[in-house]
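As the structure lists them, so they are numbered: ligands from 1, and atoms in each ligand from 1. The analysis underlying the following values was restricted to heavy atoms, covering all of them including side chains, and did not include hydrogens, waters or symmetry mates.
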Amino acid sequence: MSRIFSGIQPSGDLHIGNYLGAVKNWVALQGRFESLICIVDYHAITVAYEPQVLRDRTRDMAISLLASGIDPERAVLFVQSAVAEHTELAWIFNTLTPLGELERQTQFKDKSSRQESIPVGLLTYPVLQAADILLYKADLVPVGEDQLQHLELSREVARKWNARFSPDAPFFPEPKAEVTKTPRVMGLDGGAKMSKSLGNTVGLLEEPAAIWEKLKPAVTDPARVRRTDPGTPEVCNIYHLHKAFSPPETVQHVAAQCSTAGWGCIECKKVLFESMTKELTPIRERAAAIRADPATVKAVLRAGADKARAIARVTMREVKERMGFDP
Ligand code: ADP
């Protein structure tokens with residue numbers, strides 16, 4: 001069976017961008033593939049953070065993932081820092097990765113421009129990511145579009161390590177990306193992609209009233225100034241969210257109403273709100289039930305880390321052997 005690895009930072013609440021771009025795919029693929037889903041807490045400390053907040057967010061992320069449908073019977077759910085081999089392999093990959101490659105990464109350029117003093121960890125973030133994936137020899141990595149450049153770097157690291165230490169038969173597979181039909185969900189402010197660090201998100205577990213307050217002022221087709229102006233659905237973020245949350249017949253109806261000015265944007269948003277509520281309410285209710293049982297969440301993460309560590313140790317033993325270390 002092919003193996004999947006994917007990760008998510010506990011740097012804030014799980015939002016609908018994460019859900020539509022990645023998590024929904026993890027849920028769909030678990031069982032069909034051997035799946036490892038990792039809460040990447042070491043990645044989250046590459047920007048300023050508070051220890052207690054990190055602890056809470058790590059637990060909350062586990063709750064949100066379980067509520068979204070990650071099933072511990074069919075997927076290994078664990079926290080990165082519980083498996084020391086991630087950082088061990090990352091160090092090894094650091095010695096193979098050219099500085100220039102890392103400086104070229106869009107996410108590094110973007111995040112470092114927002115910091116006065118740039119930690120080296122922000123630069124080497126994609127190297128740790130390569131270690132996360134290759135440690136499990138994953139074939140497939142279901143991610144959003146923003147991760148494609150990092151994944152290409154993981155493939156290069158695999159190629160480089162294989163060429164140097166396993167030239168006859170590749171030891172590490174070159175992992176392939178798997179994206180959803182919504183690989184890049186935009187923020188409600190109409191600017192950048194939806195991201196935990198940008199505060200332009202709709203949280204997966206937010207109360208309906210809070211979601212509606214965010215939808216009401218959300219940016220739509222900028223050319224639609226008056227209520228009577230016909231809109232262009234394809235340029236409207238709300239329409240794209242309809243495509244993700246509403247049934248196909250509703251999407252068609254929305255497009256027709258928008259392009260003929262039959263509906264104003266607020267009517268269109270009301271229908272989207274109904275579709276979102278329908279999908280998100282059961283997730284929110286499941287999360288409340290899971291939150292009430294913290295011992296089970298801890299046990300799931302501990303069992304997940306044990307399973308992940310068993311795989312990681314086998315990989316590291318062979319990596320060290322081939323590199324001239326006494327395993
Ligand atoms: P964030 O950018 O919110 O901090 P992460 O870096 O933890 O999210 O990414 C977790 C997963 O969610 C990754 O696979 C990433 O590609 C995906 N993802 C994040 N934001 C979006 C988005 N706006 N649209 C689609 N996928 C996204």
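Atoms of ligand 1 lying under 4.0 Å from at least one heavy atom of Ala22, given by number and element, are 11 (C), 12 (O), 14 (O). Under a 4.0 Å criterion applied to the non-hydrogen atoms of Met194, ligand 1 contributes the atoms 20 (N), 21 (C), 22 (C), 23 (N). Atoms of ligand 1 found under 4.0 Å from any heavy atom of Ile8 (numbered from 1 in listed order, with element): 7 (O), 10 (C). Atoms of ligand 1 found under 4.0 Å from any heavy atom of Gly21 (numbered from 1 in listed order, with element): 25 (C), 26 (N). Annotation for ligand 1: atoms under 4.0 Å from non-hydrogen atoms of Arg184 are 24 (N), 25 (C). Here is the list of ligand 1 atoms found below 4.0 Å of a heavy atom in Pro183: 24 (N), 25 (C), 26 (N). Annotation for ligand 1: atoms under 4.0 Å from non-hydrogen atoms of Ser195 are 1 (P), 2 (O), 3 (O).
Between Arg57 and Asp13 there is no salt bridge, since none of the side-chain N atoms of the basic residue sits less than 4.0 Å from a carboxylate O of the acidic one. By the 4.0 Å N-to-carboxylate-O rule, Asp146 lies close enough to Lys193 to be salt-bridged with it. Taking a cutoff of 4.0 Å between a charged side-chain nitrogen and a carboxylate oxygen, Lys181 and Glu145 do not qualify as a salt bridge. Salt bridge status for Arg309 with Glu85: absent, with no side-chain N to carboxylate O gap under 4.0 Å.
Nearest-residue assignment for atom 9 (O) of ligand 1 (options Ile39, Thr182, Asn18, Val179; heavy-atom criterion): Asn18. Taking only non-hydrogen atoms, the option from Leu198, Val185, Asn200, Val40 nearest to atom 24 (N) of ligand 1 is Val185. Heavy-atom proximity to atom 8 (O) of ligand 1, evaluated over His43, Lys196, His150, is greatest for Lys196.
In this structure, the protein non-hydrogen atom closest to atom 16 (O) of ligand 1 is Asp146 OD1, 2.4 Å. Scanning all protein heavy atoms for the shortest distance to atom 2 (O) of ligand 1 gives Lys193 NZ, 3.0 Å. Residue, atom and distance of the protein heavy atom nearest to atom 6 (O) of ligand 1 are Gln9 NE2, 3.4 Å.
Here the straight-line distance linking atom CD1 of Ile63 with atom CE of Met61 works out to 11.0 Å at 0.5 Å rounding.
The shortest N or O to N or O distance between Gly17 and ligand 1 is under 3.5 Å.
At least one heavy atom of His15 sits under 4.0 Å from some atom of ligand 1.
Counting only N and O atoms by type, the side chains of Gln9 and His43 include no donor and acceptor under 3.5 Å apart. Under 3.5 Å, the side chains of Tyr19 and Glu279 contain a donor-acceptor pair of N or O atoms. Side-chain contact, Arg322 with Ser166: a donor N or O sits under 3.5 Å from an acceptor N or O.
Within the 4.5 Å cutoff, the side chain of Leu65 has heavy atoms near those of the Val23 side chain.
Counting only distance, with no hydrogens or angles, the side chain of Thr281 and the backbone of Lys278 share no donor-acceptor pair below 3.5 Å.
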